[in-house]
2 protein chains.
Amino acid sequence: MELTDRKKRVLRSIVDLYIRTAEPVGSKAIAEMPDMNYSSATIRNEMADLTAMGYLEQPHTSAGRVPSAAGYRLYVDELMADYRLSIDETRSINCAIEEKMQRVDKMVEKVARLVSQATDLPAISVASRRGGATVKRFDLILAGAGSFILVMMLSTDEVVNKLIKLPLRVEEADLKLLAAVLNATMTDLSADAFTPALMERVMASADSAASLVPVIVDFTADVLRRQNSTNMAVAGQARLLDQPEYRNIDKAQRVLTGLDEETLSGLPAVMQNASGTQVLVGPEHVAQELKDTSVVMTKFDIGDGLQGMIGVVGPTRMDYAKVTARLSYFAESLSKMFNKPEQPQLPEHTDIDPK
Amino acid sequence: MELTDRKKRVLRSIVDLYIRTAEPVGSKAIAEMPDMNYSSATIRNEMADLTAMGYLEQPHTSAGRVPSAAGYRLYVDELMADYRLSIDETRSINCAIEEKMQRVDKMVEKVARLVSQATDLPAISVASRRGGATVKRFDLILAGAGSFILVMMLSTDEVVNKLIKLPLRVEEADLKLLAAVLNATMTDLSADAFTPALMERVMASADSAASLVPVIVDFTADVLRRQNSTNMAVAGQARLLDQPEYRNIDKAQRVLTGLDEETLSGLPAVMQNASGTQVLVGPEHVAQELKDTSVVMTKFDIGDGLQGMIGVVGPTRMDYAKVTARLSYFAESLSKMFNKPEQPQLPEHTDIDPK
DNA sequence: GTTAGCACTCAATCTCTCTGAGTGCTAAGC
DNA sequence: GCTTAGCACTCAGAGAGATTGAGTGCTAAC
C-alpha cells in the first residue's frame, strides 16, 4: 500500500492531537479539523490503512487510534512542523543560563535543572571528555617536614594537585631531582602507559627519592584515568508524574527507577557519532526501564576539550517539536556561553575541589 | 487523663502493627496479640482514650486507628524497641562501603545511593565544612609566557590551584616578589576579610606585579567562600513509590518534588546542634512539600574538617527502629572508614576536579 | 473515490446492594 | 471499679448489573 499525501496529513493530525490530549484519537475529531475536508468515514478508511501499515495502533476495538513507534518515527523525521520559540521562552531560557557556572559537576547539575524547567520534563545533562589527557609538566613543592605538594599541568591545560604526606623526611634536593626525573619519563604518557614496568623504571632513576615514586605514579595514573570520566546529572524526575501516562504508579515507578545516573550512563554512547538533535523513540532504547518513553538529546560544545550533552526524557507522546526546539536553543546558547572570548579579569575556569 | 503503662503498650502495639501493614489498626487485632491479655472491648476503651489524648486518629467511624504525629513522636522517643541488625545486614552494608571513595562529590553521591539501597527508601547524603578556612601559604609557578599556576595550601590541609593566563608577559622575578607579598598579607584571612580595601593594599605592595593581583585575590576569596559550601546528593527517589501511601500519584508527586537538593538544603541546618540520630516527624518539617513524611538523619565524621550527614525520607509510618538502626550503623562504619590510620602507600585524599 | 447510515463493540461510569471490619455503649461479671 | 460479652450502628469497599457513548467496520448509494 502506498503512503499517500493524504495519509500523511491524517497521520500528522492524529499525532498532533494525541500529543495535546494524551487520549486515543477518533475519526470524527480528525474530520472536524479546519483543513480536513473529508467526512469521518473517509478518515476512518485512511485510519484503517494506516493501522494496517503499522503507523497506528488501536488500544481496543471501540477506542480511537494511537500512534505506534513507527508512527512517531515518521512524524519526527518527516511530518512535524517546526516549533518557533516565543520571545518569552527564549528570554527565560537565556536568563536561566546567564548565571555563572563554575565547577563542571555543579554546572552539569545546574544545566540539568534548567533544561528540566524549560521543558517540564525530566532532564539529563552530561559533560564528557574527548580523548585521553597526558601530563605536560610536573612540579613538586616542599610543604613541611614529611609533606610536599605535587602539581601537574595536563595537556588539557588543567592543573591538578595533591598534598602528599609521608612518614619520612623529605629534602628539597630530593624533590628537585625527582621533579626532573618525572618530567623526563612521565610526561606525554596516556593513562594506559602507567604499568608496573614504568613504575620500576622511574624508581630506578629516582635514586634517593625512590620511596616517593609509588604514591606519585599511582596518583598520576588515577588522575589521567579520571580525566576520561564523564559527569552526569539528572533533574526534575518528579515532573514525569505530570504526564497523564504516568498516573499509573507502576509505570511511573519503572521509568523513575531508570532515571538515575547509573542506568542512563549508556546514553552518551548513543550520541557519540550522531550530530544535531537526536530523537530516540521507545523501543530503540538503551535502558530496559525506559522502553515506553522517548528521549530527545542534543550535543553542544563546552570548550576545553569537553563535550556537553543535554537531553529530555518523556512519554513517547511528547511534544517533539516544542521539546526539540527548546533543547536546540538551549544547546546553542550554552555553546555560545562557553566559547565566548575570555575576559582576562575573571578566572576563566576553576580547578578546585572543595573537598 | 493519665498515660498509663497499659496505654503506652497499646499505643506501641498499634504503631508497630501499622508500620508493618500500612492499614488502620482495629481493636481486635491488638487484643489478639500474644502479650495482650485483654479483650477487644478493653482495648477499644483504651484506644478511645488515646484518640482523645491526640495520639491516635480515625480515618472514618468504622475504620481502625492510625497513629497521629504526636503518636509517632512518643513512639520514637519512648516506646520503640531497638532493632538489631542481622549479620547479613551488617555484611551487606559493610561491603557496600568498602569500595574506594575518591572525590567528595562522587563520594556523597555514592553514599546516598548506598543508604537508599540499605533502607529501601530515598536517601540524602551531605558533606559540609565546619568553620571557615584560610590560606596557609601561596606558591606561584611560572607556566609559560603569559601564564602561571597559583597554588594555595589551605588551613584544612587541602591544596587548591589554578592556571592563570593573562594577556601580558609574566616574569619569574615578578612571581617571586608577588608570592612573598601574598604570603605576608593574605595568609590566615577568612573569606570575609577579602574586601576591596585589602585588594588595594596588596596591589600597592605588589609593585610591578600589581596587575596580577586582582585575579588572584578574587580567586582566593572565591575558593575560601566555596570551602564553606556543602555537597549534597539525593538518591533512590523512585523507591518512595514502593510505599503504599504513595500509590496516590498526587501525594507522590508532591513529595518527589520536595526531594531535590534545593528543597532539602535546609536539612543540614536542623542537624547543626543535634547529635546522634534525629527523627523529624511530619509537621515538624522544614520543607512544605514533605509535610506528610518523616526524615531520619544522623551525623558522622569524615575527617579533614568535613562533617558528613546521611538521612532517609519516608512515609510517617516508616519502620523507625529498623531505619534508625541501619542508619546509625552506616554512619558508624563511614566514620571508621574515613578516620582509619593513613596508609602511606595510598593517596589519602584527592584534590582534583577533572573539569 | 466519497459519504451517509447502520449494526456492532466495548471501556468507562453509574447505581445499587451486600459485606464485614470496626466502633461506642450498656449491662453483667469478677 | 475494672473488665468483658453483647448488640446495634456505621460506613468504605467490593461486586454485579445496567447504561452510556465514543468509536469502529461495512455496505450501498451518490
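To find a chain, count down the sequence lines: A is the first, B the second, and so on, and within it residues start at 1.
- One can place OH of B/Y18 at 14 Å from P of C/dG22, the figure rounded to the nearest angstrom.
- Tested against B/T293, the residues B/V255, B/L259, B/L240, B/L280 include a single side chain to side chain contact (heavy atoms under 4.5 Å, CB included) partner, B/V255.
- Only B/H60, B/T61, B/S62, listed by number, bring a heavy atom of residues 57-65 of chain B to less than 4.0 angstrom from any atom of DNA chain D.
- Crowding of A/D5 atom CG: a count of heavy atoms from other residues, nucleotides or ligands under 6.0 Å not exceeding 12.
- In this structure, CD on A/E46 lies 11.5 Å from CZ on A/R65, to the nearest 0.5 angstrom.
- Listed nucleotides D/dA5, D/dT24, C/dT2 differ in distance to A/S27; the shortest reach to its side chain belongs to D/dT24.
- Using a 4.0 Å cut-off, no side-chain N or O of B/R44 falls inside it from OP1 or OP2 of C/dA21.
- Rounding to whole angstrom units, OH of residue A/Y38 and P of C/dG1 are separated by 12 Å.
- Atom CD in A/E23 sits about 15 Å away from atom P in C/dA11, given to the nearest Å.
- Separating the CG atom of B/N37 from the C1' atom of C/dC30 is a distance of 16 Å, rounded to the nearest angstrom.
- Few gaps surround CG on B/D77; more than 12 heavy atoms of other groups in view lie less than 6.0 Å from it.
- Rounded to whole Å, atom C1' of C/dG22 lies 13 Å from atom CD of B/E32.
- Counting heavy-atom neighbours within 6.0 Å of A/D250 CG, excluding the residue itself, gives a total above 12.
- Rounded to an integer number of Å, the gap from CD1 of A/I43 to P of D/dA22 is 19 Å.
- Remark: B/R9 is not positioned above the aromatic ring of B/Y38, lacking an NZ or CZ atom under 6.0 angstrom from the ring centre and at most 45 degrees off the axis.
- Both A/A41 and A/A29 lie near DNA chain D, and the one whose nearest nucleotide falls closer to the 5' end is A/A29.
- For A/A48, the listed nucleotide lying nearest its side chain is D/dG25; candidates were C/dT2, D/dG25, C/dT23.
- Atom NZ of B/K7 has more than 12 heavy atoms from other residues, nucleotides or ligands within 6.0 Å.
- Taking atom CG of residue A/D49 and atom P of nucleotide C/dT2, one finds them 12 Å apart after rounding to whole Å.
- Following rounding to the nearest Å, B/E46 (CD) and D/dT3 (P) show an atom-to-atom distance of 7 Å.
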